[in-house]
Amino acid sequence: MVFGGRSPENIHFHDLHICDTWVQNNQLLHGKSEGTDPSDVPSVASQKDMKQQAFWNPSNYHWQSKGNVKASGVEDMVLLPKIQEASIVENLKKRYMDDLIFTYIGPVLISVNPFKQMPYFTEKEIDMYQGAASYENPPHIYALTDNMYRNMLIDQENQCVIISGESGAGKTVCAKFIMNYLAKVSGGGPSVQKIKDVILESNPLLEAFGNAKTVRNNNSSRFGKYVEIQFTKGGQPDGGKISNFLLEKSRVVSQNPSERNFHVFYQLIMGATSEEKGEFGLTEPSYYYYLNQSGTYSVDGTDDVKDYEETRRAMEVIGISDYDQVSVLQIVAGVLHLGNISFVEQGNYAVPNDDECMYLIQ
Ligand SMILES: Nc1ncnc2c1ncn2[C@@H]1O[C@H](COP(=O)(O)OP(=O)(O)O)[C@@H](O)[C@H]1O
Ligand SMILES: [Mg+2]
């Protein structure tokens, strides 16, 4: 992401590396890999003990936090006595067991996907990290973002965060935390709020058309995007630009078992009003070849009906007219119908496979 003026020179980089839970003996300790040896996983009781110890021991609190913020392991791994992979992993693990997902290595922030809601992303943390030096508070994505925002204001230089990590590691979620934090701290009146709304609402819209369930991530971004937010000299957002690249187009026509097509198809089928369904000629997802190949229609924790409403709201906020919204959805429905047309070779020609295909073409 680039924050700042329009020229690409003088970009200051910030790194965020994201780990996908625990890798121990090449196996995931928590999570999705098969064949994890249960003896590697601390029992629930021992995890609880570890947490309680961390909770009761006063030395486990952050040195500046007046006794209300936990600390465990080292917060910046340049302080480790031996900098080796084993000690880095050990430290990350210790902190993860105490529900601390962020750790620094110097200026780089490491984040471990907790796969559950952590309590430290509230207004309180936004206040706490605003304007604070990074050593004053526990490591946090807000600290990195705040540092970047202040650098932009003080040095008048573009800022950029590089977020890297394997699929499902939490990159997209972190990018959203960054955007939300910037929206919260950058102030401004109603006209600035309008720009912030457009920037924030671009996420659900892009995700509807560019994200899908994969075996590794229920909300996997299947496209690349480069988001630029432009700020005034005073630090208020006054515009933005999103460049999209590399959409995984092949997913539209075929999906692997346990994966899904792009969210928007299911959102439209599940969420459209009966009028809309009639107008677009929509029926059950299992009727469409582009949706029935993988045998997966729903995703745990995803409500396609609610998400359809959110996609429509995002279109509204971004300023897509009602007429254009309907046109876009017509195209989405059209793609589903097209998928049901197949051809066979007859003589030297391709002809529709059966009467139904013939009907769809007409
Ligand atoms: N900080 C977090 N807190 C809670 N859940 C998270 C967090 N980061 C990631 N997740 C969970 O992991 C899933 C995958 O994360 P995501 O950011 O989409 O991965 P990536 O973009 O790296 O492929 C998310 O849908 C969410 O359920
Ligand atoms: Mg992603």
Side-chain angles (χ1 to χ4, degrees), residues 16-22 28-32 41-77 91-105 108-149 161 163 165 168-186 200 203-204 217-219 300-303 306 310:
L16 171 58
H17 189 77
I18 308 210
C19 303
D20 196 355
T21 60
W22 290 106
L28 287 177
L29 200 63
H30 267 260
K32 299 162 286 183
V41 183
S43 67
V44 174
S46 71
Q47 283 180 31
K48 211 170 147 195
D49 286 351
M50 285 167 81
K51 279 183 191 159
Q52 270 183 351
Q53 278 166 17
F55 189 77
W56 290 116
N57 183 350
S59 66
N60 281 341
Y61 288 96
H62 190 273
W63 64 280
Q64 282 230 330
S65 67
K66 300 178 190 74
N68 58 358
V69 183
K70 262 189 315 188
S72 87
V74 295
E75 294 185 338
D76 188 334
M77 293 196 283
N91 188 59
L92 288 174
K93 175 178 171 185
K94 196 166 172 199
R95 292 176 60 73
Y96 176 75
M97 289 304 186
D98 285 336
D99 279 350
L100 299 167
I101 63 168
F102 297 115
T103 309
Y104 295 119
I105 303 189
V108 176
L109 177 68
I110 310 238
S111 163
V112 182
N113 188 345
F115 286 106
K116 64 176 178 183
Q117 292 311 317
M118 288 301 178
Y120 38 77
F121 294 98
T122 62
E123 294 290 329
K124 185 180 134 229
E125 279 74 25
I126 291 180
D127 282 347
M128 194 167 120
Y129 283 93
Q130 241 187 96
S134 61
Y135 56 79
E136 283 183 53
N137 291 311
H140 202 292
I141 180 72
Y142 290 165
L144 179 135
T145 313
D146 197 72
N147 182 249
M148 176 171 71
Y149 183 62
V161 199
I163 307 181
K171 301 180 293 296
T172 305
V173 170
C174 264
K176 284 191 250 181
F177 281 134
I178 292 174
M179 288 164 95
N180 276 316
Y181 182 85
L182 286 173
K184 286 268 164 56
V185 301
S186 54
L200 295 178
N203 276 325
N217 181 353
N218 285 348
N219 183 34
D300 283 351
T302 301
D303 181 346
K306 201 174 115 269
E310 198 167 346

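- Atom CG of Asn137 is separated from atom CD of Glu75 by 9.0 Å, given to the nearest 0.5 angstrom.
- Formation of a donor-acceptor pair under 3.5 Å by the Asn91 side chain with backbone atoms of Val74 is found in this model.
- A donor-acceptor pair is defined here as one N or O able to donate and one able to accept, closer than 3.5 Å; such a pair exists between the side chain of Lys171 and the backbone of Gly165.
- Not one N or O on the side chain of Gln130 forms a donor-acceptor pair closer than 3.5 Å with the backbone of Asp127.
- Here the closest heavy-atom approach between residue Asp99 and residue Lys116 is recorded as OD1-NZ, 3.1 Å.
- Between Leu182 atom CG and Asp146 atom CG the span is 9.0 Å, to the nearest 0.5 Å.
- One distance of note links CG of Leu144 with CZ of Phe102; it measures 9.5 Å at 0.5 Å rounding.
- The structure places CD1 of Ile110 at 7.0 Å from OG1 of Thr103, a figure rounded to the nearest 0.5 Å.
- Residues Pro138 and Tyr129 share a closest heavy-atom pair of O-OH, 2.6 Å.
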Test side-chain contact (heavy atoms from CB on, under 4.5 Å) on Tyr142 and Val185 and set out the steps. CA-CA 10 Å; Tyr142 290 165; Val185 301; over 6 Å; no

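- With hydrogens and angles ignored, the 3.5 Å screen pairs no side-chain donor or acceptor of Asn203 with any backbone N or O of Lys176.
- Here the straight-line distance linking atom CD1 of Ile101 with atom OH of Tyr96 works out to 9.0 Å at 0.5 Å rounding.
- The shortest heavy-atom contact between Leu109 and Pro139 is CD1-CB, 4.1 Å.
- Test Leu16, Thr172, Ile141 against Ile163 for side chain to side chain contact (heavy atoms under 4.5 Å, CB included) and you get one pass: Leu16.
- Residues Ala143 and Tyr104 share a closest heavy-atom pair of CB-OH, 3.3 Å.
- In plain terms, the two heavy atoms of Gly168 and Asn113 that are nearest each other are O-ND2, 2.9 Å.
- The two residues Met77 and Ile105 have their closest heavy-atom pair at CE-CG1, 3.7 Å.
- Between the side chain of His140 and the backbone N or O of Tyr120, at least one donor-acceptor pair lies under 3.5 Å.
- Rounded to the nearest 0.5 angstrom, Ser111 OG and Leu92 CG are separated by 10.0 Å.
- Counting only heavy atoms from C-beta outward, the side chains of Arg95 and Val112 never approach each other to under 4.5 Å.
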